[in-house]
Amino acid sequence: MDQERPALGLWNVVDVEATCWDGRQPPGAVNEIIEIGLSVVDLDAGVRIARHRVLVKPARSTVSPFCTELTGLTQAEVDTGLDFAAACRLLAAEHATGSLPWASWGDYDRNQFTRQCRATGTEYPFGRHHTNAKAVFTEAYGLGRRPGMAQALRIAGLPLEGRHHSGEDDAWNIAALVLRMHERGAWPAVTP
């Protein structure tokens, strides 16, 4: 990063996938993050500058066939991932998640991190500046209901890139929506 100019225009856009089931979850199982997608947007330049994927090995649940169908992730694949605490440390160390503002589509991702950090005694990897991109989009486009990400892309005239319900691809697509809202003057400014 340029040492002369602070990177106030950089944002992390995060999307997680978690263990899930068709119907009731098995006894003793909990929803756990299995993939963290993170894209970096530079609002000043108006571009997405990076995309990352972190696989996370669940400790108290397994990937169901329904979850594999939805996300494309298998148990064998997430078994190669980091444990949750190591994934959080990686986010903080490599992506400055504690200092950069961040956004997600809705509050699910923020709430899932909060719950899982609390349940595992893991330090929360994000700073205090979170923006619910779904709420900003709804207001910016004057909608009565908050749309899903795929619907928002259609409304904004943007293509869905990659696989829906892939954390990496969804973060990349949400980043495109963040840039579109910024172009419209609807994205909130964050002061340090």
Side-chain angles (χ1 to χ4, degrees), residues 1 7-8 10-22 24-42 48-134 149 162-175 178 190 192:
M1 288 184 206
L8 296 177
L10 294 180
W11 280 70
N12 285 321
V13 178
V14 176
D15 186 80
V16 301
E17 301 304 325
T19 52
C20 54
W21 302 269
D22 187 13
R24 301 178 81 185
Q25 64 191 51
V30 296
N31 290 100
E32 293 178 276
I33 294 171
I34 53 176
E35 180 189 12
I36 304 165
L38 185 145
S39 290
V40 181
V41 295
D42 182 338
R48 298 175 285 185
I49 59 174
R51 65 188 288 166
H52 305 278
R53 179 185 198 213
V54 179
L55 291 178
V56 183
K57 183 177 180 177
R60 300 186 313 165
S61 62
T62 58
V63 176
S64 70
F66 172 79
C67 191
T68 295
E69 185 178 323
L70 183 66
T71 67
L73 295 167
T74 64
Q75 184 67 45
E77 189 174 11
V78 299
D79 280 345
T80 67
L82 300 172
D83 67 56
F84 178 69
C88 287
R89 288 191 301 272
L90 176 88
L91 292 175
E94 293 190 11
H95 305 294
T97 54
S99 59
L100 288 179
W102 69 291
S104 61
W105 195 256
D107 284 324
Y108 173 82
D109 306 84
R110 182 179 54 82
N111 291 335
Q112 181 63 37
F113 266 104
T114 299
R115 278 191 303 273
Q116 198 162 336
C117 284
R118 189 175 299 128
T120 60
T122 300
E123 185 174 343
Y124 187 72
F126 297 102
R128 60 186 174 96
H129 296 293
H130 174 263
T131 298
N132 178 334
K134 184 190 281 193
M149 182 206 69
R163 178 191 174 110
H164 191 18
H165 299 298
S166 156
E168 178 184 13
D169 291 342
D170 285 356
W172 188 248
N173 285 304
I174 296 163
V178 167
V190 172

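- Residues His164 and Asp170 have side chains that bring a donor and an acceptor to within less than 3.5 angstrom of each other.
- Residue Thr80 comes nearest to Leu55 through the heavy atom pair OG1-CD1, 4.0 Å, listed as atom of the first residue, atom of the second, then distance.
- For the atom pair CG (Leu70) and OG (Ser64), the distance works out to 9.0 Å, reported to the nearest 0.5 Å.
- In this structure, CH2 on Trp172 lies 12.5 Å from OG on Ser166, to the nearest 0.5 angstrom.
- The heavy-atom pair separating Asn31 from Gln112 by the smallest distance is O-NE2, 3.1 Å.
- Between the CD atom of Glu168 and the CD atom of Glu35 there is a distance of 7.0 Å, given to the nearest 0.5 Å.
- Between Arg110 and Tyr124, some side-chain heavy-atom pair lies under the 4.5 Å cut-off.
- The backbone N or O of Glu32 lies less than 3.5 Å from a partner atom in the side chain of Thr19, making a donor-acceptor pair.
- Tyr108 and Arg115 make their closest contact through CE1-NH2, 4.0 Å (heavy atoms, listed as atom of the first residue, atom of the second, distance).
- Using a 4.5 Å heavy-atom cutoff, the side chains of Val40 and Asn12 are in contact.
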* Asked: For Val13 and Trp105, what are the C-alpha separation, side-chain angles and deciding distance, and is it a side chain to side chain contact (heavy atoms under 4.5 Å, CB included)?
  -> CA-CA 9 Å; Val13 178; Trp105 195 256; over 6 Å; no
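- Trp11 places a side-chain heavy atom less than 4.5 Å from the side chain of Thr131.
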* To do: Give the intermediate values and the outcome of side chain to side chain contact (heavy atoms under 4.5 Å, CB included) for residues Thr97 and Leu38.
  => CA-CA 10 Å; Thr97 54; Leu38 185 145; 4.0 Å; yes
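- In this structure, the separation between SG on Cys88 and CD on Glu123 is 9.0 Å, given to the nearest 0.5 Å.
- Salt bridge annotation for Asp107-Lys134: absent, with no cationic side-chain nitrogen under 4.0 angstrom from a carboxylate oxygen.
- Listed for the Thr71 side chain is no donor-acceptor partner under 3.5 Å among the backbone atoms of His165.
- Side-chain contact check for Cys67 versus Ile34: some heavy-atom pair is nearer than 4.5 Å.
- Between the CD atom in Gln75 and the OG atom in Ser61 there is a gap of 8.0 Å [rounded to 0.5 Å].
- Inter-residue side-chain proximity for Leu82 and Val56 is flagged as unmet; no heavy-atom pair is nearer than 4.5 Å.
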* Carefully, step by step, assess Ile174 and Met149 under the rule side chain to side chain contact (heavy atoms under 4.5 Å, CB included). => CA-CA 7 Å; Ile174 296 163; Met149 182 206 69; 3.7 Å; yes
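- Asp15 approaches Ala171 most closely through the heavy-atom pair CB-N, 3.8 Å.
- Note that CD1 of Ile49 is 5.5 Å distant from CG of Asp42, once rounded to the nearest 0.5 Å.
- Ion pairing between Glu77 and Arg53 holds under the 4.0 Å rule for side-chain N and carboxylate O.
- Below 30°, between 30° and 60°, or above 60°: for Phe84 and Phe113 the angle between ring planes is between 30° and 60°, a tilted geometry.
- In this structure, Arg48 and Val41 approach most closely via the heavy-atom pair CG-CG1, 3.9 Å.
- Of the possible donor and acceptor atoms, one in the side chain of Asp169 sits under 3.5 Å from a partner among the backbone N and O of Arg163.
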* **Worked check of side chain to side chain contact (heavy atoms under 4.5 Å, CB included) between Lys57 and Asp79** => CA-CA 5 Å; Lys57 183 177 180 177; Asp79 280 345; 3.7 Å; yes
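- Contact of the Pro125 side chain with the Cys117 side chain is registered, since non-hydrogen atoms from C-beta on lie closer than 4.5 Å.
- Pairing each heavy atom of Ser104 with each of Asp109, the nearest pair is CB-OD1, 3.7 Å.
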